[in-house]
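Notes for the one structure printed next.
For this chain, numbers begin at 1 and follow the sequence in order. Both counts, for ligands and for their atoms, begin at 1 and track the order of listing. Every heavy atom of this structure was used, including side-chain atoms; hydrogens, water molecules and symmetry mates were not.
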Amino acid sequence: TDPEFSIVTRSYCTILAQFAQHLCDQYSVIPSGFFWDAITEMDEQNRPIHTFQVCHVMEPNQNNWLRSGWIQRQAAQRVYVELRFTLRDCNSIPWVSGTCKETFNLFYLQTDLDKVFNVGLKVDTIAADESFTQTDLGDRVLRLNTEVREVGPVTQKGFYLAFQDVGACIALVSVKVFYKRCPSTLRNLAAFPETVPHMDSSSLVEVRGACVENAEERDTPKLYCGADGDWLVPLGRCICSIGHEEMDGDCQACRPGFFKGNAGNFKCSKCPLHSSSHDQAATICHCDKGFYRANKDPPTMACTRPPSAPQNLVSLLNDTALFLHWMPPSNTGGRSDILYNVLCQRCDGGDSGATQCEPCEPDLRFIPRPLGITGTSVAILDFAMHANYTFHVEAVNGVSELGVAARSLANVTVTTHQSGKLLMKKDWATYSSIALSWSEVEPPPSEILDYEVKYYEKQEQLSYSSTRTRAASVVVTGLRPSTVYVFHVRARTAAGFTAYSPNFECATAAEGTKSAMETSNSALLYVSCLSVPFSGIKTYVDPDTYEDPTQAVEEFAKEIDPSYICIDRVIGAGEFGEVCSGRLRIPGRKDIAVAIKTLKGGYMEQQRREFLREASIIGQFNNSNIIRLEGVVTKSKPVMIVVEYMENGALDSFLRTRDGQFMVLQLVGMLRGIVVGMTYLSDMGYVHRDLAARNILVDENLVCKVSDFGMSRVLEDDSDAAYTATGGKIPIRWTAPEAIAYGKFSSASDVWSYGIVMWEVMSYGERPYWEMSNQDVILSIEEGYRLPAPIGCPVILHQLMLHCWQKEWGQRPHFNDILSFLDKLIINPSSMLTLVNDAMRYVFSQYDNAIKTSKGMLTKSNLET
Ligand code: ACK
């Protein structure tokens, strides 16, 4: 009947319908009251809304009760009651006296049984927060109030609720009775059951969670249930087991193609390269066929395979050491733990003529070691002479052991040269003579014609004497008493001299003593002899010191019967005539390829001497890095000098046609060969004066040999030679300043030239100082300028060049220093990894002041470009 009231009920009609129905079932009116009315109204859709109403505002002393049925407590510890009601304010009701109230009371009583309600405990007096509000149109609208009260603590099985009206105008629309629970939940991969909070609102209920399927406990998972039904303080956790990953709060199996090898809350990983998993929940991926996983490889690592064979295996051989160098395999198998094994076989022709191979001698020394080499080179010492060695270099990695495939090897065969070494021994000695004999350690390549014994006083190393003998023994007389002499011997064969025997020291007896021969066995007590390696004896004999130069030729060069020489073709032009290639066919000896220098007809006697002078020089040398003289033809025409044939010709033109085609180590191997030859020459006391790449010859195995001896030839023949102030004709760009300035040629000036040869080699035959004029070269050297490092040249090699180009000749290294330095580089090629491009700053910091801008050629920026 109240228009305003009906407006409110209309807007809450659905809710009211729901709860009013519930109230009808649960509540009954207390018999003593009868002043609450159960009233059903209809909402707009004509649905009934059940309410309990009371409105006896005009009459005093109201005490009207409405009571619920018995409500079972269930698990509740703390019970809440939510009331929805309307309550009219007394001012809105016309004519009411002071009897009108604006509150009602809520009571409860707890019992174990459903029995008649007596007045229980009062919970609260309930008042409306709002009774009316004003609408825009000025209407007053009755508002629905919602009040929540806590009841209890309730400990018995159930309870009643009751509402006491003391004279207000109330419509009770709904009563909701509830308790709070922490709902069952999943947290940190653990399941927590539904939990009722403690009665005491200040204490929390500790609940242990159980890990979900395929998860395992890390720290005991716990949650605390708070009084308001909220989960608080999550502690501990579960993690997904191997083969499972967390997804939507669960642990799900890894999909095929994925794996998870450890428990933890991370995702399954995709199978690494060359592996796969076909099933769900894989804990590891299995390697594809031909791929492997080493014991220590983590499952996350790609499967790998053994490496391919090392590449570009090359050997470098000198008298004492054999170097093998190779490049890493093209296919590392996907691993970086590559090591190399060098396996050695010695293959010699057996008695039957068939080649027999067996493992190499156990005392062959490998530096650093034969197996498990980390670098890409090895030095081999103590090998036998005149033997065929085959080296197999194998690359292995962490899975080589697991593979079943055949090993991939790089192979190289090395034939060690026979050097015809002799070993001396003393037979007897007196105060003035020493008797020596010697034996062949290795047979020389051809028949021995005679022996040359050289000796000198140990204290007086500069002068020496020599004697020749056909027998393998000699008695040296005319010696000083109580003096130590140094002896060595070499054999002369049809092919030239063998190497000298190691130096042999032996002392004469004191004056007045008898010879060992005379004193039978006791005399040997006071003479002592000692074999020691020693070098530095000056044994080169300048042919110009011979009164008749033909004598020198006869002494040092073997005459060849011209019918033994077959000329194939002309390979070049020398100053004295053509240079041809051909074969030397000495009966009973193996054919050898030779180069034949001819003296063209119509020559003057002086030219003939000049021409043959070179032969008498080369004939004195016996070194694997010096061009070998086979012999001369002087007794018939044309006059010829026959030397070993060098397949690749002169080094400068050879490098120019092979620009950039060699490994640095191969270039260093060539430089080493040249240094070996130069060390030999300087030990012999020979100064070359024209060391340049054009005067180095290269054989088919890239062995470099020093050639072009006899500076006289250079004067006329060498287009690079120029006249100097002192009148000499000199190859300016290759020559040390003191030799240009005042003709001081020495092994130290040869070292300067060697530095230029290094530069030529590292720049593949570039012209030193490019197109600068000779005069500018001299000036810029004087002012401190030095050639910059060729592009791609290891810094350490350029430093060596700079060392060779020290202004003070005494500060330059000796050839044997250079040799041991290069040997160290070859054994440790990583020292050559820093290339010049990385090191321009170093060069410029050292030589900055010296670099001149003369003629725009040598500006710093030019060089950098
Ligand atoms: O660069 P090449 O081919 O090497 O041209 C010159 C030419 O003769 C004039 O000297 C070549 N030549 C000189 N001696 C020899 C040798 N022993 N073996 C092969 N070629 C040689 C040189």
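Summary of contacts: the protein heavy atom closest to atom 16 (C) of ligand 1 is A595 CB, 3.3 Å. With respect to atom 17 (N) of ligand 1, the closest heavy atom belonging to the protein is E644 O, 2.9 Å. Protein heavy atom in closest approach to atom 7 (C) of ligand 1: G572 CA, 4.0 Å. Among protein heavy atoms, atom 3 (O) of ligand 1 sits closest to G649 CA, 3.9 Å. Of the protein's heavy atoms, A650 N, 3.2 Å lies nearest to atom 4 (O) of ligand 1. I571 CD1, 3.8 Å is the protein heavy atom nearest to atom 21 (C) of ligand 1. Residue, atom and distance of the protein heavy atom nearest to atom 15 (C) of ligand 1 are L697 CD1, 3.6 Å. In terms of protein heavy atoms, atom 19 (C) of ligand 1 is closest to M646 O, 3.1 Å.
With contacts defined as side-chain heavy-atom distances shorter than 4.5 Å, the pair F821/H803 does not qualify. Looking at F621 and I627, their side chains never come closer than 4.5 Å, going by heavy atoms from C-beta outward. Looking only at side-chain heavy atoms (C-beta outward), N695 and V757 stay at 4.5 Å or farther from each other. Taking 4.5 Å as the limit, every side-chain heavy atom of E644 sits out of range of all side-chain heavy atoms of L697. Taking 4.5 Å as the limit, some side-chain heavy atom of M801 sits within range of a side-chain heavy atom of P790.
Contact atoms of ligand 1 toward V643: 17 (N) (distance under 4.0 Å to a heavy atom of the residue). Within ligand 1, counting atoms from 1 as listed, the ones closer than 4.0 Å to a heavy atom of Y645 are 18 (N), 19 (C). Set against the non-hydrogen atoms of S653, the atoms of ligand 1 under 4.0 Å away are 1 (O).
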task = Could you please spell out the steps behind the salt bridge (charged side-chain N to carboxylate O under 4.0 Å, His left out) verdict for D652 and R767?
result = CA-CA 9 Å; D652 61 337; R767 179 170 170 77; over 6 Å; no
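Put simply, the residue from K744, R812, K807 that forms a salt bridge (Lys or Arg N to Asp or Glu O under 4.0 Å) with E738 is R812.
Closest heavy-atom approach to atom 10 (O) of ligand 1 within the set V570, I696, V579, I627: this belongs to V579.
The pair D591-R585 counts as a salt bridge, with a side-chain nitrogen and a carboxylate oxygen less than 4.0 angstrom apart.
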